[in-house]
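See structure below.
Each ligand, and each atom within it, is numbered from 1 in the order the structure gives.
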Amino acid sequence: MFYRPAKAYINLPALRHNLNVAKKLAPNSKVLAVVKANGYGHGICRVAQQLSSADGFGVASIDEALYLRQKGFLHRILLLEGLFSETEIPLAIQNRLDLVIHSEHQLLWLLNFQTSLVINVWVKIDTGMHRLGFSTEEVTGVVKRLEQNPNSFNIHLMSHLASADESISTAVEFTQKQIRCFDKTSEKYNFSRSLVNSAGLQVYGQFSYEWVRPGILLYGAGRLSESEYDSHQLKPVMRLESEVISLKWIQAGECVGYGNSWQAQRETYVAVIAIGYGDGYPRHAQVGTPVLVNGKRVSLIGRVSMDMITVDITEYCDQIHIGSLATLWGDDLPIEEVAKWSNTISYELLCGITTRVPMIEVQ
Ligand SMILES: *Cc1c(COP(=O)(O)O)cnc(C)c1O
């Protein structure tokens, strides 16, 4: 029994639906469903179960990969940043994990380890993001050393787009440059290739190559505009809800919350909702952030506390009661909108839901 009303509902059919959207966007590619960071905060095991028709999973650490193996997933599992230390190699190979190699030190670990098993390696190429990856000039040498090593490597080539989700012209030009760079560097090989994440898949779907790597799209979120989302018919997976736990009228001139930072300009009916940054609701959500109470769109006022927020419900004073349902994000309130009001992105909000919020699966 969960007595605190703050709850995250996880819509399982929506996950499957969004995976099908990804498959339709790249009908000739395999889908590596990215489930890192505990399935973007939704629970890695439950997410992987729903996405079991994907061709593989992408995770951020061997811990996440081994957890999936332990739960019985036999899919290909790619460590998106590869290994963090040489000691992980035997474990990674025994468990048949796919490994990104992005730098010389990781390459050396693999070249110096002896195994009879074929290793799936994904050589990461830096096409301009300058985070991870070999420079385009290094790729030939890396490939040659892998091919000449006594171990058998099944080589893939990959890169990552820095701003596929931005539509301003400089970002578009930069993305096109990255695409050309990746294409040029990889075209002379016969290896499987992978370039696009969710935004790349949605906007530059013709560059899906053999593997696509959607993450946020599977959870029905992302930084694309609402109309772009509508056109792809993605369904939000998480609905964050709580309830009204207090109601009171305050006079014009009176303040609400910590620091007295919000002052009423008129007589105001204030509802307190049991959700706060202790649950992962963003503390930086600004005054005006939308919240649905009893289906009505109202505005956040005052500062977000650890366990509570306050909203102005003056307009709906006769329709909202103790126990009225509050939706913080979900079907009728896109998480992107809340993220924007908090100066962040949906990814951070989803990953930030804390363990005290029960997750309830919706079939
Ligand atoms: C996280 C990640 C993805 C997924 O990105 P989204 O924007 O969530 O689709 C794809 N590729 C790599 C290498 C990643 O690290």
### Task
Show the numbers, then the answer: is there a salt bridge (charged side-chain N to carboxylate O under 4.0 Å, His left out) between Asp279 and Arg356?
CA-CA 7 Å; Asp279 304 294; Arg356 84 170 180 192; 2.7 Å; yes
### Closest protein heavy atom to atom 12 (C) of ligand 1, given as residue, atom name and distance to 0.1 Å
His160 CE1, 3.5 Å
### Message
Quick test: of every protein heavy atom, which one is nearest to atom 7 (O) of ligand 1, and how far off is it to 0.1 Å?
### Response
Tyr347 OH, 2.6 Å
### Task
Not counting sequence neighbours, which residues clear side chain to side chain donor-acceptor pair (under 3.5 Å) with Arg297? List them please.
Glu337
### Query
Taking C-beta and beyond as the side chain, do Ile77 and Asp98 meet within less than 4.5 Å on heavy atoms?
no
#### Entry: Within-cut-off N or O pair, Gly215 and ligand 1, under 3.5 Å
yes
Kindly list each side-chain donor-acceptor pair under 3.5 angstrom involving residues 30-42, sequence neighbours excluded, with atom names and distances?
unit_1	atom_1	unit_2	atom_2	d
Asn38	OD1	Ile44	N	2.9
His42	ND1	Gly39	O	3.0
His42	ND1	Tyr40	O	2.9

### Task
Mind running ring pair (Phe, Tyr, Trp, His ring centres under 6.0 Å) on Tyr219 and Tyr347 for me, showing each step along the way?
CA-CA 10 Å; Tyr219 308 94; Tyr347 299 66; 9.2 Å; no
### Task
For atom 8 (O) of ligand 1, grab the closest protein heavy atom and report residue, atom and distance to one decimal in Å.
Tyr40 OH, 2.5 Å
### Message
Taking the cut-offs as 6.0 angstrom to the six-membered ring centre and 45 degrees off its axis, would you call Arg303 and Tyr258 a cation-pi pair?
### Response
no
### Message
Check this for me - ligand 1, Lys124, N or O atoms closer than 3.5 angstrom, yes or no?
### Response
no
### Task
Report yes if some N/O of Ile216 lies less than 3.5 Å from some N/O of ligand 1; otherwise report no.
yes
### Message
Side chain or backbone, does Arg213 bring an N or O within less than 3.5 Å of an N or O on ligand 1?
### Response
yes
#### Entry: Heavy atom of the protein closest to atom 2 (C) of ligand 1 (residue, atom name, distance)
Lys36 NZ, 2.5 Å
### Protein residue, atom and distance nearest to atom 9 (O) of ligand 1, heavy-atom basis
Ser198 OG, 2.5 Å
#### Entry: Option from Arg16, His17, Glu361 for which side-chain hydrogen bond (donor to acceptor under 3.5 Å, both in side chains) with Gln50 holds
Arg16
